[in-house]
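The structure appears right after this line, and notes come after that.
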Amino acid sequence: MSDSIFSNYINGQWVDGASSIINISPADTSDIIGHYAQADKAQTEAAIDAAIQGQLAWQESGLEQRYSVLMAIGDELIARKDELGKLLAREEGKTLAEGVGETYRSGQFFHYYAAEVLRQMGETADSVRPGVEIETRREPVGVVGIITPWNFPTATGAWKIAPALAFGNSIVFKPANQVPASAWALTEIISRQGLPAGTFNLVMGPGAQVGDVLIHSTKINALTFTGSLETGRKVAAATAVNLVKCQLEMGSKNALIVLDDADLDNAVECAVGGAYGGTGQKCTASSRLIVTAGIHDLFVEKVIARMKKLVVGHPLKEGVHIGAVADARQMEQNLNYLAIAKEEGGKLVYGGDVLTEETDGYYMRPALFTETTNDMTINRDEAFAPIACVIKVQDYEEALATLNDTNFGLTGGICTTSLKYATDFKRRAKTGCVMINLPTAGTDYHVPFGGRKDSSFGSREQGTYAKEFYTIVKTTYIRA
Ligand code: NAD
């Protein structure tokens, strides 16, 4: 490892890149987090070759070894949650509490999959042919390419790396180039666990360079991607040509329905927390608030009152609820969507202004629009911003139809005290996750996570369902 540049990790060695980038905090552009190596084509290919070499040794290292490694990684993430959470908050811009929470959650993913290591069972069956027995067992899929986005720099890596290792695979990990520090810190922990060389590799760099080599590789066996729909389509196309197993988690346009009979205070908390938590930069954020006419005005009034209490500021400052926008490009996109929403007839009733803080960063007051319709651009595109839009509807049926009228389908929520509507919603919402009297954002680590339509492709992530992606089934016939 070089003194001044955080290196890539290939075949058990820290390797300087062909070039490097400066990682700057979006909360304070004078805060330099570090210089991070950038892999080129040759290094990315070397990482893939190393993963091929390292996979079998890891697969054969034994369950106890795999269990211990995953537990140790989880233990360290949790023990260092304050330090690593701070690093995460500095580089991504989310609040310290969110950064610490994400690091803790990342540790929990490793603990969960440590236990899964010991739950790998096969099945047996009699053959239709007398005297023949059959067994089915799962084997590692092989070399897994992992590509992650910037908004959950540690957790997205963790929920992919932990099951990949648990099921005996080797890994080439390419994190988003905006947030290499969290990925590097996780890699550094993994590098001290005595894994066979090549089992885990980190290649940092731009998607169009490092990611492109990975998704077009004929040597990897599976590719798991989280990011935008636009990139997801490229990943699906590239991996399909080579018949590489592929799993995509992408964007969304999640909605929260608030019915006349809702517990109003809870609905307001769900809406504000779901829309603006993580600066609105969550794939599960409630960017559409679909509200029935009877409660609409009071709901809007209370949401605005609640928003006025949200403190925007430097992520590490005490009392701050909303940190910085992730970078200049994202800020520009936010402002562009604000302009489009106004142009198309939305009424900006709160926020949306660019804020000047003590440090030079990208700060925006959360914005609320009313008088929007579901066909407006702001209600179709994923803005990935602290912007929410209220859509007024007449009744539950119209609310449900509006919620489902989108090409995305990750999460959907409803606030109601009616068992009838809650039950109906649970069945008819066309989303992968359904939230009743809860924010659309905020999921557990031991159950499946994923969406429908353009939000997801391939088998589910997380929980026991992850084994579908990270393993391959073998059927063996035995005549005694
Ligand atoms: P992005 O698609 O721009 O980038 C995601 C990753 O893909 C990055 O590592 C990037 O470097 C890489 N990449 C970019 N171009 C590539 C290419 N041509 N070939 C290979 N790799 C390439 O997304 P982003 O802006 O980093 O993240 C935001 C998006 O992620 C949002 O749409 C958000 O909804 C989504 N997201 C989804 C989930 C989920 O689980 N559904 C979770 C978090 C974020």
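As the structure lists them, so they are numbered: ligands from 1, and atoms in each ligand from 1.
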Inset, instruction - Not counting sequence neighbours, list each pair that qualifies as a salt bridge (charged side-chain N to carboxylate O under 4.0 Å, His left out) and has a residue in residues 34-50. - result: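 Residue pairs with at least one partner in residues 34-50: K41-E45, D49-K219.
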Legend entry - F384 and W150 aromatic ring geometry - parallel, tilted or perpendicular at 30°/60° bounds: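 Ring orientation of W150 relative to F384: perpendicular.
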Legend entry - Region of P175 that comes within reach of ligand 1 [heavy atoms, distance under 4.0 Å]: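 Backbone only.
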Salt bridge or not between [X] and [Y]? Use side-chain N to carboxylate O under 4.0 Å.
X    : Y    : value
E461 : K160 : yes
D31  : R90  : yes
D405 : R380 : yes
E102 : K81  : no

So is [X] polar-close to ligand 1, meaning N/O to N/O under 3.5 Å?
X    : result
K234 : no
W150 : yes
T148 : yes
K174 : yes
N177 : no

Only heavy atoms of [X], strictly under 4.0 Å: list the atoms of ligand 1 that pass.
X    : result
F384 : 28 (C), 31 (C), 33 (C), 34 (O)
L410 : 41 (N)
N151 : 43 (C), 44 (C)

Inset, instruction - Run the contact test for T226 against ligand 1 with a 4.0 Å cut-off on heavy atoms, strictly below, and give the result. - result: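 Yes; T226 lies near enough to ligand 1 that a heavy-atom distance drops under 4.0 Å.
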Legend entry - From the candidates G251, G227, P149, the one that places a heavy atom nearest atom 35 (C) of ligand 1: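 That would be G227.
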Inset, instruction - May I ask you to check if K245 and F469 form a cation-pi contact, with NZ or CZ under 6.0 angstrom from the six-membered ring centre and within 45° of the axis? - result: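 So K245 does make the cation-pi contact.
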Result block: side-chain N/O donor-acceptor pairs under 3.5 angstrom for residues 227-238, not counting sequence neighbours:
from : atom 1 : to   : atom 2 : distance (Å)
S228 : OG     : T231 : N      : 3.3
S228 : OG     : T231 : OG1    : 3.1

